[in-house]
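Here the structure comes first, spelled out in structure tokens, and everything after it is commentary.
Along the sequence shown, the residues carry numbers beginning at 1.
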Amino acid sequence: MRKFSNFAMVISCFFFGLSCRSSAPNPFPFVIWNEENVFGISVETESKELYDKYHPLFEKYGYSGNGYSWEGHIRLVLEELDPALIAHIDFDPEAGSFFARADSKASQLRFVEILSPVFSNLDKLEVYLKKADRKRIDD
């Protein structure tokens with residue numbers, strides 16, 4: 001698979017109008033895109049909208065809410081709800097963003113199908129933050 005930098009992928013999608021958004025039902029807060037057999041998933045954790053919404057909740061439980069923190073919590077949710085999917089996701093977070101690549105369109109859509117309902121609802125997300133194993137979260 002051709003390697004793309006996360007930043008370059010997002011910029012390319014934005015500026016060149018590539019097929020970056022999906023017809024998947026409500027992937028919020030995730031953004032998904034497809035380009036040359038790359039099935040990307042991202043969250044701009046430091047965007048004002050997302051930071052203002054999520055930071056107080058992550059902070060309440062002692063997490064930074066950075067991209068690495070999101071990865072750790074996403075892995076824990078997936079371990080509970082669909083552990084087999086983890087083998088189909090290549091995680092590549094950064095301090096200010098969460099990035100991942102799925103190995104297929106089906107895996108990408110399954111990712112947002114499982115995680116969007118949890119991460120778009122702060123009450124549901126809080127349930128997972130409360131019970132997260134802190135030793136397994138790279139914050």
Side-chain angles (χ1 to χ4, degrees):
M1 174 168 37
R2 196 169 139 197
K3 282 283 203 182
F4 292 94
S5 91
N6 296 330
F7 182 73
M9 177 100 48
V10 171
I11 294 300
S12 296
C13 292
F14 181 77
F15 285 108
F16 300 111
L18 298 174
S19 175
C20 301
R21 296 224 177 236
S22 167
S23 59
N26 194 17
F28 182 83
F30 303 97
V31 175
I32 60 176
W33 71 87
N34 309 302
E35 180 183 344
E36 297 183 29
N37 294 320
V38 174
F39 304 98
I41 305 159
S42 65
V43 178
E44 294 299 325
T45 60
E46 290 187 352
S47 73
K48 176 147 178 54
E49 174 192 7
L50 296 182
Y51 184 86
D52 290 350
K53 179 175 181 165
Y54 291 95
H55 185 72
L57 181 60
F58 276 97
E59 191 174 59
K60 178 179 177 180
Y61 293 96
Y63 298 107
S64 70
N66 66 20
Y68 302 103
S69 181
W70 277 67
E71 177 192 1
H73 290 289
I74 287 168
R75 283 182 180 273
L76 293 175
V77 172
L78 287 175
E79 285 175 7
E80 183 175 318
L81 300 179
D82 190 347
L85 183 59
I86 295 170
H88 299 275
I89 305 296
D90 177 29
F91 294 92
D92 188 19
E94 297 177 1
S97 301
F98 167 81
F99 291 99
R101 289 174 203 81
D103 63 3
S104 68
K105 181 71 172 170
S107 296
Q108 180 192 50
L109 293 177
R110 180 74 179 141
F111 182 98
V112 296
E113 176 186 336
I114 292 168
L115 293 163
S116 289
V118 172
F119 279 80
S120 65
N121 180 316
L122 295 181
D123 292 333
K124 288 180 182 179
L125 179 57
E126 187 168 16
V127 169
Y128 288 97
L129 292 176
K130 280 181 188 178
K131 66 181 180 179
D133 180 355
R134 177 162 295 286
K135 293 179 225 159
R136 297 189 59 214
I137 307 296
D138 185 9
D139 202 32

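- When all heavy atoms of Tyr51 and Pro56 are compared, the closest pair comes out as O-CD, 3.8 Å.
- Side-chain contact between Phe119 and Val43 is absent, with no heavy-atom pair separated by less than 4.5 Å.
- With contacts defined as side-chain heavy-atom distances shorter than 4.5 Å, the pair Lys60/Leu129 does not qualify.
- To the nearest 0.5 Å, the span separating CG on Leu115 from NZ on Lys124 amounts to 12.0 Å.
- Asp139 contributes a side-chain N or O that, together with a main-chain N or O of Ser64, makes up a donor-acceptor pair within less than 3.5 Å.
- For Lys135, the NZ atom sits in a loose shell: 12 or fewer heavy atoms of surrounding residues, nucleotides or ligands are nearer than 6.0 Å.
- Counting only heavy atoms from C-beta outward, the side chains of Glu44 and Phe99 approach each other to under 4.5 Å.
- Under the ring pair (Phe, Tyr, Trp, His ring centres under 6.0 Å) rule, Trp70 has a single partner from Phe58, Tyr63, Phe91, Phe98, which is Phe58.
- Follow the hydrophobic side-chain contacts under 4.5 Å out from Leu122 and you reach Tyr61 in the same cluster.
- Ile86 and Leu76 fall within the same hydrophobic cluster, where Ile, Leu, Val, Met, Phe, Trp and Tyr residues are linked whenever their side-chain heavy atoms come under 4.5 Å apart, directly or through other members.
- Under the 3.5 Å distance criterion, the side-chain polar atoms of Ser97 are left unmatched by any main-chain donor or acceptor of Thr45.
- For Phe30 and Phe111, the ring centers sit closer than 6.0 Å to each other.
- Between Glu79 and Arg75 there is no salt bridge, since none of the side-chain N atoms of the basic residue sits less than 4.0 Å from a carboxylate O of the acidic one.
- Heavy atoms only, all atoms of each residue included: Arg110 and Leu85 are closest at CG-CD2, 3.8 Å.
- Contact check for Tyr68 versus Ile137: no side-chain heavy atoms found under the 4.5 Å cut-off.
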Apply the test side chain to side chain contact (heavy atoms under 4.5 Å, CB included) to residues Phe28 and Val112: give CA-CA distance (whole Å), side-chain angles for both, the deciding distance (0.1 Å), then the verdict. CA-CA 8 Å; Phe28 182 83; Val112 296; over 6 Å; no
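- Judged purely by atom type and a 3.5 angstrom limit, Glu46 has no side-chain atom pairing as donor or acceptor with the backbone of Asn66.
- Rounding to the nearest 0.5 angstrom, the gap separating the CD atom in Glu126 from the CG atom in Leu57 is 5.0 Å.
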Under the criterion side chain to side chain contact (heavy atoms under 4.5 Å, CB included), I'd like the reasoning laid out for Asn34 against Lys105: C-alpha separation, chi angles, the key distance, then a yes or no. CA-CA 8 Å; Asn34 309 302; Lys105 181 71 172 170; 2.8 Å; yes
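- Scanning all heavy atoms of the two residues, the minimum distance from Gly40 to Gln108 falls at O-NE2, 2.8 Å.
- Distance check, rounded to the nearest 0.5 Å: CD1 of Ile41 to CG of Asp90 gives 10.0 Å.
- Leu81 is connected to Ile89 through a chain of hydrophobic side-chain contacts under 4.5 Å among Ile, Leu, Val, Met, Phe, Trp and Tyr, so both are in one cluster.
- A search for side-chain hydrogen bond (donor to acceptor under 3.5 Å, both in side chains) contacts involving Asp103 returns His88, Ser107, not counting sequence neighbours.
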